[in-house]
Structures are given as C-alpha cells and as structure tokens.
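Report on one structure; see the data block that follows.
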Amino acid sequence: MAFADRPGFVWRLRTRPLGLGERTRLMAIVNITPDSFSGDGTMHAGMPLAAGQKFALAAAVEAADNGADIIDLGAESTRPASHPLTPDEEQMRLLPVVEALLHERPDAIVSVDTYHAATARACARAGAEIVNDVSGLTWDEAMAAAIASTGCGLVLMHTRGRPADWAAQQRLTHDEVLPTVFAGLMQQLSLAEAAGIPDEKIVADPGFGFGKRGAENWALLAGLARLHELGRPLLAGVSRKSFLGDAISTVQPEKLEPAEARRIATVSAGVAAILAGAHLLRVHDLQAAREAAAVADAILAAGQAD
C-alpha cells in the first residue's frame, strides 16, 4: 500500500528554525473564548476575564509540558454565529496569556490565531513566533506587511468568504474542491510574495470547514496529497470539525457533547491527513494526537524505506 511522500522543510519562524517532515508536528489549541465551536474555550458567560486567562495559561503550560511542538493561542471564535472582536478586545484577552506563557515556559513556540495585523504585531513584540491567519492575509489588508516586518512564521489558511457567508454559499462539487482550494492558496501565496514574506516562512493550510461544508471536506481530505504541488509544508486542522460529526452521527449514542462525539473521528482524520503527507496537525486532544501521529509516522517511514 503506497502513501504520500512527505518532503522535508525548515520552517523559519521569527527567531528560530523548526524542522518539518521527519515526524508530524503538533499544534495544541488553546482558545481564550466563551464561544468556541466545540465548547473548548477557557472562558464562560459571566466569567471574569482574568479567570479565563488563568485557565488558558494552565492549559497552555500543560500542553507545552506534554509534547506540543507549538501552542496556538486564539481569542476570537470564527464559528458562523460568533461575535467579531476589535483588535483591542482581542489583545486584551490574548496578550497577557502570551506573556505569561513565555514567562513560565520561555522555550515554548507560541502561535497566535488572529487575522488582525495590529494583534499580530503586538503578539510578536510579546514573543510569539507564528501568526496563524485563518483568512490567508485577506481580511486585513495590513496583515501581509505585518508578517513581513515582524519576521513571524505564517500559517496561510484558505477560506471562502467570512463565517457569516458560509451557510448561503454555493456548494462546490466534488471535482471543484481541490482546484478551488489550490487556486485560492496560490493567490494568497502571491500576496505573501508581493509583501516580501519569504517562502520558508509559510505553511499552507487548506482550511477544513472554512467555507467548505459537509462532503466538500471529505473531497479535500481525500485529495490533500495533491496540495504538495504548492511547494510548501501542509497543516491540517480537522480536530472536532462538524463534517466529522455528520459522518459518525448514525453510529453513535445520542446527545454526546462535540468533544466526546468527535474524538475518535478526529484521530482517524488526523491519521489520514498524515498519510497524505501533512507536516503538522492542529489539535485539541494532544495525547490522542501524539499516539496517532506516532503510528502514522511509522507507516510513512516504512513506506519510504521500501
């Protein structure tokens, strides 16, 4: 049985290199939000901000101590019914956690999940190494220049429209999914190049669930290996996504919370992404992802040794 070759890269972050390809790198999700799509946010309605930040810091330190290669801190949910934040509101939530995490774990690689250029700049000053921009440089026209000036590594995600648009978007056919994502990422890579962001700063993310609904995501996962033609490392963010829940709903007990209902499906989809050559996974359940990645990496290594 043949699986995708996973080319090696060196991802140039703000202050250090990170090798990609020899094994799967894991990006642990820590959401400082009350409205995350899968219920994993460290804040809840009526909770003081400082309490939510304390929980977020504890979760981030735990992830750093338990094998996460990158800690991805986010302060704004991008689910369809989410409430957009201003950059100032976002930074009020996010910056104290970035600073506290790097005080507690100075060697941690911190990524910030933001599409605001001002937040990217502020977090880079605080020590963040990576900006994870779900808009792929398209929702804030100043973001590309911000990445170029800070020298941060960039996760360049493909999306179609904004969260409020997704429910009404025209569906993609199976054969349209990969060409649409490929063309969109090529356009976004051109934006990055025009701003002076070096190729070695960029990881591409096809954006599972971002402007793709239901079966469109399965077409994307099935064809993921074709995105190696972009010439950039690939990140797959499939953890707890709703398309997984749709596929398994008929074989599960009723009324499970999303985190539990999608746990095994997330592991399965993560393994599929790795076998298609994904260099990084963005995950909620770190230990399960570590074990799954170890198995998938062993399969890749055995296949490349043939």
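In this text the structure is predicted, and so the values were computed from the model without any measurement.
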**Q.** Side chain to side chain, Cys123 and Leu94, heavy atoms closer than 4.5 Å
**A.** yes
Q. Quick check: are there more than 12 heavy atoms from other residues, nucleotides or ligands sitting under 6.0 Å from CD of Glu200?
A. yes
Q) Can you tell if the side chain of Leu13 reaches within under 4.5 Å of the side chain of Ile130, non-hydrogen atoms only? A) yes
Q. ring-ring contact (aromatic ring centres under 6.0 Å, His included): which pairs involve residues 11-32, sequence neighbours left out?
A. none
Please set out all donor-acceptor pairs under 3.5 angstrom arising from side-chain atoms of residues 209-219, sequence neighbours excluded.
unit_1 : atom_1 : unit_2 : atom_2 : d
Lys212 : NZ     : His158 : O      : 3.1
Lys212 : NZ     : His158 : ND1    : 2.8
Lys212 : NZ     : Pro206 : O      : 2.7
Lys212 : NZ     : Gly207 : O      : 2.9
Lys212 : NZ     : Phe210 : O      : 3.1
Arg213 : NH1    : Ala167 : O      : 3.0
Arg213 : NH2    : Gln169 : O      : 2.8
Glu216 : OE1    : Arg213 : N      : 2.9
Glu216 : OE2    : Leu172 : N      : 2.9
Asn217 : OD1    : Gly209 : N      : 2.7
Asn217 : ND2    : Lys212 : O      : 3.1
Asn217 : ND2    : Gly214 : O      : 3.3

(Q) Checking Thr119 now: which residues fulfil side chain to side chain donor-acceptor pair (under 3.5 Å) with it, not counting sequence neighbours? (A) Glu90, Gln91
Q) Is the shortest side-chain N to carboxylate O distance from Asp107 to Arg16 below 4.0 Å? A) no
Q. What salt bridge (charged side-chain N to carboxylate O under 4.0 Å, His left out) pairs are there with at least one residue in residues 245-258, not counting sequence neighbours?
A. none
Q. Does some side-chain heavy atom of Arg240 sit less than 4.5 Å from a side-chain heavy atom of Pro258?
A. no
Q) Got more than 12 heavy atoms from elsewhere within 6.0 Å of CD1, Ile299? A) yes
Q. Got Met143 and Thr138 here, is their nearest side-chain heavy-atom distance under 4.5 Å?
A. no
Q.
Using the rule side chain to side chain contact (heavy atoms under 4.5 Å, CB included), only one of Val155, Leu281, Asp113, Val283 pairs with Met27; which is it?
A. Val155
Q) Do Leu178 and Leu220 have side chains that get closer than 4.5 Å, going by heavy atoms? A) yes
Q. What pairs meet the salt bridge (charged side-chain N to carboxylate O under 4.0 Å, His left out) rule with one or both residues in residues 153-165, with sequence neighbours excluded?
A. none
(Q) Which residues pass the ring-ring contact (aromatic ring centres under 6.0 Å, His included) test with Phe182, not counting sequence neighbours? (A) none
(Q) According to ring-ring contact (aromatic ring centres under 6.0 Å, His included), does anything in residues 93-126 pair up with another residue at least two apart or in another chain? List the pairs. (A) Tyr115-Trp139
Q. Is Thr33 reaching over with its side chain to a backbone N or O of Ala75, donor-acceptor style, under 3.5 angstrom?
A. no
Q: Begin from the C-alpha positions of Arg6 and Thr24 and carry the test side-chain hydrogen bond (donor to acceptor under 3.5 Å, both in side chains) through to its verdict.
A: CA-CA 10 Å; Arg6 182 164 62 184; Thr24 303; 2.8 Å; yes
Q | Hydrophobic cluster membership, Val98 vs Ile71, 4.5 Å side-chain cutoff | A | yes
(Q) Could you work out, with side chain to side chain donor-acceptor pair (under 3.5 Å) as the rule, every residue matching Thr15, not counting sequence neighbours? (A) Glu129
Q.
Quiz question: by atom type and distance under 3.5 Å, do the side chains of Ser135 and Asp133 form a donor-acceptor pair?
A. yes
Q) Can you find a side-chain donor-acceptor pair between Arg125 and Thr150 that sits under 3.5 Å? A) no
Q) Quick one: are Arg93 and Leu49 in side-chain contact, heavy atoms under 4.5 Å? A) yes
Q: Could you check Asp205, Leu137, Val203 and say which one makes a side chain to side chain contact (heavy atoms under 4.5 Å, CB included) with Leu154?
A: Leu137
Q. Cluster partners of Val251, using ILVMFWY side-chain heavy atoms under 4.5 angstrom, listed by chain and number?
A. Ile248
Q.
Quick one, Gln252 and Leu256 - any side-chain contact, counting heavy atoms below 4.5 Å?
A. yes
Q. Under the side-chain hydrogen bond (donor to acceptor under 3.5 Å, both in side chains) rule, what pairs show up with a residue in residues 173-192, not counting sequence neighbours?
A. Thr173-Glu176
Q. Taking side chain as C-beta onward, heavy atoms only, is Leu26 less than 4.5 Å from Leu280?
A. no
Q. Which residue pairs pass the side-chain hydrogen bond (donor to acceptor under 3.5 Å, both in side chains) test when at least one of the two sits in residues 140-149, sequence neighbours left out?
A. Arg121-Ser149
(Q) Test: side-chain hydrogen bond (donor to acceptor under 3.5 Å, both in side chains). Region: residues 63-73. Which pairs qualify, not counting sequence neighbours? (A) Arg23-Asp69, Arg25-Asp69, Asp65-Arg105, Asp72-Ser111, Asp72-Asn132, Asp72-Arg282
